[in-house]
Each structure stands twice: as structure tokens, then as C-alpha cells.
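Here the structure is laid out as C-alpha cells; the discussion comes afterwards.
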2 protein chains.
Amino acid sequence: MSQTTSTRRVTAADIARSLGISRATVGFVLNDTPGQTISAATRRRVLDEAERLGYRPHIAARALASGRSRIVLLVLPDWPLDFNLRRNIEEASLALDEAGYALITYTPHPTGQSRPLWEILQPDVVLAMASWAPGQVESIRAAGVTRLIPDPDAPMGEEEYSEDGPLLQVRHLHEFGHRTIAFAGSADPRIADLVALRRRRANVAAAELGLGALPTADLELTDASASAAVRRWREAGVTAVAAYNDDVAAAIVGAAVRLGFSVPADLSVIGHDDTPLASMFEPRLSTINVNTVGLGRYLAALALSAVEERPLPTAGPELRVALVERASTGPPG
Amino acid sequence: MSQTTSTRRVTAADIARSLGISRATVGFVLNDTPGQTISAATRRRVLDEAERLGYRPHIAARALASGRSRIVLLVLPDWPLDFNLRRNIEEASLALDEAGYALITYTPHPTGQSRPLWEILQPDVVLAMASWAPGQVESIRAAGVTRLIPDPDAPMGEEEYSEDGPLLQVRHLHEFGHRTIAFAGSADPRIADLVALRRRRANVAAAELGLGALPTADLELTDASASAAVRRWREAGVTAVAAYNDDVAAAIVGAAVRLGFSVPADLSVIGHDDTPLASMFEPRLSTINVNTVGLGRYLAALALSAVEERPLPTAGPELRVALVERASTGPPG
DNA sequence: TTGGGTGACTAGCGCGCGCAAGTGGCGCGA
DNA sequence: TCGCGCCACTTGCGCGCGCTAGTCACCCAA
């Protein structure tokens, strides 16, 4: 319990001095340096003394000497993280920690002028959840980071996580007998990429089912914007809407109800993400649940394989997507 | 990709060599070191050459040399961040960046065994949004961080951010004529503290208005849990509910509607946080908007005052709270 | 006895940078 | 003419650590 020093931190040199051995030996013990033979007795003494003095390696010094920061930066998208995802990030963090790496999450803001974290932390790896935003790859590489996941040079990295939600949405509505289905995106520029991707996937499903290109609108999350879209779609004979996410779906449902339409009889609406809140309101929103079980460990394994000699993780991410059928979708009429 | 040599980073020494001057001069220019006089011509040449070579300071080396990491760690609570808050964190990040500091946000997970980020990053300051969790202060100090905000040694830090939302909720319901008002908390253990605080504040308002202690329930976010609470409250003559947040409020509204009650005629419900989604569904949720304008800059100023010789920021956080009256509250009957 | 091999260490450099202390030249007042 | 102060730099140390290149004692085969 003796709080030896309140000013100077304990260094490896302190351990060496106190034990009367050289700094190198201490380093070898503490790092389990391969190719070095240290007697069991000395090893024990070093470990015990480190414990006794409360030694903590100075990561800045370590980073400087080794050239590796042992930091893994996870770039998060700008939208709210769902519950599962958060749990899985935690798992990734744990797995990496066991390997001596720290996981730091970061949400770049396009509006912010501040220097991105990859410039400051000089992480060994930068991970992204989905694909890279334009310009990001260049910025990260300019900061000296060579390991990016997913690999931006790999052909068609886009389908890394395959975004099958929109497929399920459209098929679900089609099974109910809907033939004129609209896709509702978000006008939020920050998520334009993902909106576009989901729209594309929805159109893939539409084509498979013999429907034409889906009518589309990018909504603001306001009643006015949603009302306008609903009115327009109804006039065009649309009976069902696949929404980019639950927020957009909620806007449409609310607007439809306030316009006097019945959901789902007049208009079926299906969301995406399975937000808790969306399951509570009346009508309870049909949606797509994204099961992220295992994603965390998978991410960690990916990062480690990039930075050490570990093999690539065998299984793909368990990013299974499932339909959650509730009350906001049904047959037309 | 075999550019082992070409990958070497540009250092201050490279600039010096290329310009035929000493490394110290380069450092003085790049850091605007006070007390050093550098001719305008040299300054320009250094700056230009740094730009030309694409020089980026190696923060690990800087941290090692200066003894300061120039990292500010913001400890975030475990609950989802609302939109405004996120924007303000971004603002704080910007303000700190201008002063040469990096803001890193971190959510410690009680379950996680991984080493907390303050041990790894050795930040100059650790900020918390609310109060410190038990054990956190010791852990942070053990990691060698001396500057904590809010100061854990200051008496009664609890009312740092004064939580006036519940007051507005109860007063609003009271004005409509409600006299038997319930408080709906959340059973989520991670937010037990904040739930308790808001309940306490709601009861303060109730007492002021001459109401007795509010009936209370801590809900799971499930229909069963919400239905049970609504049924119980209705039997007890409750006509209005102040909810911990919009999620809980949504659960109650949904359950009430499905039980055949009319909102707000049979049961008024008011949420807290002004979640976008809550304003979309029908009935549109009355709620409390937390205006965090200025919070970000305030946090940044706090951090800077702790770490440099700047004076403490003058104004308190502009954590103004406002009633958002929509369709889920009204007179009883 | 010699020589090579090996186990158990030590000496010390270099990572990139901040910064204290020093150095030389030049203008200026006495 | 000398001396002094000031400007515009340079020299060089040290931050804590990883790691290469030794050193040295000891053992065993020849």
C-alpha cells in the first residue's frame, strides 16, 4: 500500500536499479521477448518487483521505440449505434486487450475541422464498420497507417457486409401482394452512402420479383417532408414503403396516420434496424433485425491478423439479418 | 507494396537537414515556442518545407519528450447519446483541437475486463459528463492522471447538472389538472443512478405542488411490462405519467393504446430527451428538450483551464431544459 | 588442455521531440 | 575602441523503452 512516489512515474529502469540488474533484462522479462533465455528466478524477481513498485509501461515511449502504437482505431458511422452493436464493440475491445491492443472508437464528423484521430493516435490498424467514406482512405494513409480493414484496394469491397435487409423488406411486402412499393431514404448527407446502398439492394430485390424500379424519396425527418412523400406516393398508387431505417419509417407512419390513412391497410411500412422505440408505438413497426452476434470477435480477429502473423479469421461476420414482422405491414386494401 | 524505405515518416530533422538549419530551430518554429526569437524569413522557410514534405509531428515522441499526452479523455455514460449531446461533443473536440489537444471519448463497461483507456492513453485530463462511478476515481489516479473534472474532492458534485426536466414534466401535467401522476423509470441497471435522480426531482416538484409521493414503476422496455404498469396505475386512478425518457414513454403510450385507452384523454404521457423518433409517431410525444448549446465549449474550456494556465470558464453550462408540448398530454377526462 | 557451444545476462544505441544552455555576430552607447 | 546586450540561432541532453550486439562464465567433447 506504500505510495512510494507522488511525482515521478515508475520506469523499467527503477525495477532494474532496485534489483541490481540491467534494464534490458527487465525489458526481456516484461515483454517475454522471444529468443531470450531468462532464468526462472530472475523472471520471478522482476515480475514481483514490477508489481511491488506498481510499474506501468509508458505507452508513448513504447510506441516511439517499437514503432507500433498498439492502438486499433474503429471508425464508427455517424448514426446511432444499436444495442447489439455496442455490445459487440465491447467484445472486440476485450479480445484485442488480451492481445495487448487497445480499441478506440471514433466517429469522424464531416463538419468538424479537427484533425482526425488517426493522425493523432497513429494506430496500427484502422477498421471501418462499413465501407470507407470518400477521402477517408487517403487521409488515413497520409497519416502513415498502412493497414486498413476492409482493404480499400480489394475489388468490390462494398459487399463486405452484404446488406440483405432491403431484400427482406421488399420480398416481405411482395408476399403480402404489394406490387407498387416505394423506397424511402434519408436526406441526411452523412448517411448518403448507406442510403444509396440500401436503395440499390432494394431495387435488386424488386428486379428479381419482376417489379420495375422503385419510386424513391429522400426524406427529412419532419412531418412536412414525410406528408408530402406519402401524398405523392398514394397518388401514384403506392401501397407499401420500405424505409431506410426505423426513424424514416416512423416519420412515414406518423404522417400517414395524420393524413387519415390507415396503416397497414392503406399503406404498409417496414423499417430497418429494429430500434427498441419502434416496437413500442402503435402500430408496432415491422422492421429488419440485424444480428451482430460474433461481429465483435470477428473484427478483433481481423485486426490482429492484419497486425501480427495470425491467420485470417475463418468464418465471416455473423451479420445475419432477419425480418421482424409486426403490425405496420399487411396485405393491401 | 514493398516500400519499406519510402514509408519512413518525415521528421523535424528531415526539415532541418533539407534546410541546412538545426533541429531546434525547426522545433521552435513549429511549436511557436515562447521566449524564442526566430526571423520571419526562417519561419517561413520552415513552415513551407514542413508543408512541402508533409511533416506530421509524431505524437508519441512529443508525449515522451514533453511529459504531456495532449489527450483529453471524456468518459461517457453507458446510455445512448442524444443528438444534441453528440453535436456538442463534436464542438468540444473542435475547440480542444484548436488548442492542440485531442478529445477522445470513452465508455467504460462495467463488465469489460479490458484495461481502461486512461491507463493506456495517459491523458492529461479526464472529464466525466456526470459524476464519477465508484472506483473510477481511484483507477484513474492510479494511472497517473491528476486532473479530473469534475473535481472528485469537491463537495456535493451531484448537482453539477441540475436535472430540471422532471420538474417541468410534473408541473406541465399539473397545469392540465392532473392530480394523480405517476413516474415511470427504467429497470435498466446501467442507468439506475440517473433514473433515481430524475425520480427524486419529479418528487420535489410534486411536493412543491402539494401532491404526495408519486407512484412509481421501473419498466422493462417490453409490452408486458408496460401493460402491467398501465393497468395498475389506471386502477389506482393515475391520469398522467412522467417518464424517465422517450423510450419508456413510448412503451407506455403503446401499451395504453393497445389496452384500449386513449392518449391523452385517458392517460397523458410525457417523455424526456426529445428523441427524433418520438416526434414522428402518432400520438406525437410531448417531451423535454435538453438544450446543450454551449456545453461542448464549456467542457473544452474546463479541460483547458485544468491543463494550462487559462482561467476557469466564467459561465456555467447552458444546459437549459424546455418543455416540448405535443399531442400525448392534455387535460384528464 | 583447447575450442566451441550455450545459457544468462549487460552495454548502449536509436526512436522523434522539447527545451535548457550556450554561441557568435552585430549594433550601439560611452 | 571596448564592452554590453540582444537577436538568431546551435549544441546536446533526456524522456522511457525495444532490441541488437555483445560479454562472460561454464560445460562438454576432442
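Labels below follow one simple rule: chain letters A, B, ... track the order of the sequence lines, proteins then strands, and each chain is numbered from 1.
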Notebook entry, point to check: Stepwise, does the side-chain contact (heavy atoms from CB on, under 4.5 Å) test hold for B/Tyr55 with B/Asp14?
Noted result: CA-CA 9 Å; B/Tyr55 170 76; B/Asp14 292 332; over 6 Å; no

Checklist line | Sequence-aligned protein contact record of nucleotides 5-12 of chain C, with B where the base is within under 4.0 Å of a protein heavy atom and S where only the sugar-phosphate is | finding: --SBBBBB

Check: How many angstroms lie between atom CZ of B/Phe28 and atom CD1 of B/Ile38, to the nearest 0.5 angstrom?
Finding: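 Answer for the CZ-CD1 pair, B/Phe28 versus B/Ile38, is 6.5 Å.
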
Note to self: How long is the straight-line distance from CH2 of A/Trp132 back to CG of A/Asp151, given to the nearest 0.5 Å?
What the structure shows: 10.0 Å

I need the [atom1]-[atom2] distance between [X] and [N], as an integer number of Å.
X	N	atom1	atom2	answer
A/Asn31	D/dG16	CG	P	17 Å
B/Arg68	C/dG16	CZ	P	22 Å
B/Leu64	D/dC15	CG	C1'	4 Å
B/Ile59	C/dG18	CD1	C1'	15 Å
B/Leu30	C/dC17	CG	P	9 Å
B/Leu19	D/dT10	CG	C1'	15 Å
A/Arg17	D/dG16	CZ	P	10 Å
A/Arg62	D/dC19	CZ	C1'	13 Å

Item checked: Taking every non-hydrogen atom, the tightest pair across A/Leu53 and A/Val10 -> O-CG2, 3.3 Å

Margin query: Tell me the closest heavy-atom pair linking B/Arg56 and A/Ala142, and the distance in Å.
Written below: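 That closest heavy-atom pairing would be NE-O, 4.1 Å.
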
Next item on the list: Specify the angle, to 10°, made by the local axes at the two ends of the helix from C/dT1-D/dA30 to C/dA30-D/dT1 when five pairs are taken at each end.
Entry: 70°

Checklist line | Electrostatic pair A/Arg45:A/Asp48 at N-O distance under 4.0 angstrom | finding: no

Notebook entry, point to check: Could B/Arg43 and B/Asp32 be called an ion pair, given the rule that one side-chain N must be under 4.0 Å from one carboxylate O?
Noted result: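 Counted as a salt bridge, because a side-chain N and a carboxylate O are separated by less than 4.0 Å.
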
Notebook entry, point to check: Within a strict 4.5 Å, meaning less than it, do heavy atoms of the B/Leu74 and B/Leu76 side chains meet?
Noted result: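 B/Leu74 reaches B/Leu76 side chain to side chain.
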
Check: Taking atom types as modelled and ignoring hydrogens, do the side chains of A/Ser69 and A/Gln122 form a donor-acceptor contact shorter than 3.5 angstrom?
Finding: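 Side-chain D/A pair, A/Ser69 to A/Gln122: absent.
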
